[in-house]
Chemist: 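If you scroll down you'll find the structure; I have some questions about it.
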Amino acid sequence: MSQRIYLSPPHMGGDEIKFVQEAFDTNWVSPVGPNIDAFERELATLAGSGGAVALSSGTAAIHLALVMLGVSSGDEVICQSFTFSGSCNPILYQGATPVFIDSEEQTWNMDPALLEEAIVDRLKKGKRPKAIIVVDLYGMPARLSAIKSIADQYEIPLIEDAAEALGSSYLGKPCGTWGLFGIYSFNGNKIITTSGGGALISDHDAYLKKAKFLSTQARDPAPHYQHSEVGFNYRLSNVCAGIGRGQLAVLSERVALRRAIFDRYREGLADWSVEFLAEPDGSFCNRWLTTLIFTDAQAPQAVRIALEAQNIESRPLWKPMHLQPVFAHAVSYSTGVSERLFNTGLCLPSGSALTPAEQHQILDVIRQTLV
Ligand SMILES: *Cc1c(COP(=O)(O)O)cnc(C)c1O
C-alpha cells in the first residue's frame, strides 16, 4: 500500500536542526536559553504584539490567561462552542463554568449577535462573565471587530484563541492580537510546530512577566525555593524553541502553500455539490485545513471511508462543545449552525508538503464517491 497521507503532518524548513544543534552544543537543553528568548522576540515581531511567552502548549496559554484574569470557582467564562476541547478545558481547570456560544454561517466562528444576547441574559441572571474566548477556527478570522466591540462595551476581557490561525489576519491586523491575550499552538498538526508547544501574546508587559513567573512554578526571589502563589510547569524547552525558530522563518511560505492547496481543492470540485468556506472581505485565512460541506447528508462519511481505503486521512469537523458528553450540563446559546456544520462537513489533507499528484489522487477519490 502507498504511504499514508496524513491530515496535517509536520513540515520542516531545514534550519530547525541548526538551532537544535546549537542548543546541544551550548548545553542549553532545558526550559531556559537563547532559543526561547529569540523565539519569543521573533514571534512577537511577526504577530505585531508587545511580547510573547513561549509555553508547553496552547492549552497552557489559555489556562494562564484565565489564571491572570482571576477566573476561579463559580465564575462563568464564555467560549465559542465550535472548537477543539483545548479552548475550554482550562475553564474547568479553574473550577469555573463554560457558557457556550454557537457560530454564524459566514466564518463558522462565534456569532456576535448571539454573544451579546448571552451576555445580556447572564447579566440579568446576576452572572457577570469573567472572560470571552473567541476562536479563529481552521485559520478563518472570527468577526473580530464586532466581538471586540461587544467585549469592550460590557467590559469583559477577550482572549483570542488563534491556535489554528497563525499567519491569518483581519482588517490587516494579525489574528491573536485582537484581545487582551492571544494564544497560539505549535502542536505537531498546526501550521508550524515546535513538536509540541504554544505561546501567549499580549501588549501588556505586566501580564507577560506574570505569565513567565506562573509558567516557571511561581518562584519568589530568594536563594531557596519560596512560593507565595500556585505556579505551573508550563515553559517551552530551549530545544523545542529551536525547532520553532526554524519554523517561524518559513511561516509565510507555509501559508502560501496551504492556500494553494485550498485553491486546488476548490477548483477540482467546482462542478460538484460541495461548498467551501469563503474569505469574507477584510479576512485573510491561512487555510490551515481545507474544509468542505457536502449537500448530500451521506457524503461526508462515504468520502471519509473511501479515502481511508486508499490510506488517506480525513476527519469530520470539530464536534461542538455543547454536544460533547463531558459538557452535557453546560449552559449554551445555540442556533444549530455548528451542529449542522459538524454533520455535513469534512477536513481534507492539507499539509504544506502535500504534492499536487497526491492532491489529484484525493480529488479523484472524492469525485468517484460523489457520482
Ligand atoms: C490545537 C488547539 C488548541 C490547543 O493547543 P495545544 O497546543 O494542542 O494545547 C486550542 N484551541 C484550538 C482551536 C486548537 O486547534
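In each ligand, atom 1 is the first atom listed, and ligand 1 is the first ligand listed.
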Chemist: Just to verify, what does Lys124 make a salt bridge (Lys or Arg N to Asp or Glu O under 4.0 Å) with, not counting sequence neighbours?
Modeler: none
Chemist: Within a strict 4.5 Å, meaning less than it, do heavy atoms of the Met140 and Leu277 side chains meet?
Modeler: yes
Chemist: Does a donor on one side chain sit under 3.5 Å from an acceptor on the other, for Arg143 and Gln106?
Modeler: yes
Chemist: With a 3.5 Å cut-off and no angle check, do the side chains of Ser8 and Arg258 form a donor-acceptor pair?
Modeler: yes
Chemist: Tell me if the centroids of the rings in Phe284 and Tyr170 come within less than 6.0 Å of each other.
Modeler: no
Chemist: Starting from the N and O atoms of ligand 1, collect every protein N/O partner closer than 3.5 Å and put each pair on its own line with the distance to 0.1 Å.
Modeler:
unit_1	atom_1	unit_2	atom_2	d
ligand 1	5 (O)	Ser185	OG	3.2
ligand 1	7 (O)	Gly58	N	2.8
ligand 1	7 (O)	Ser185	OG	2.7
ligand 1	9 (O)	Gly58	N	3.4
ligand 1	9 (O)	Thr59	N	2.9
ligand 1	9 (O)	Thr59	OG1	2.5
ligand 1	11 (N)	Ser87	OG	3.4
ligand 1	11 (N)	Asp161	OD1	3.4
ligand 1	11 (N)	Asp161	OD2	2.7
ligand 1	15 (O)	Glu164	OE2	2.5
ligand 1	15 (O)	Lys190	NZ	3.3

Chemist: Phe276 and ring pair (Phe, Tyr, Trp, His ring centres under 6.0 Å): which partner among Phe262, Tyr265, Tyr138?
Modeler: Phe262
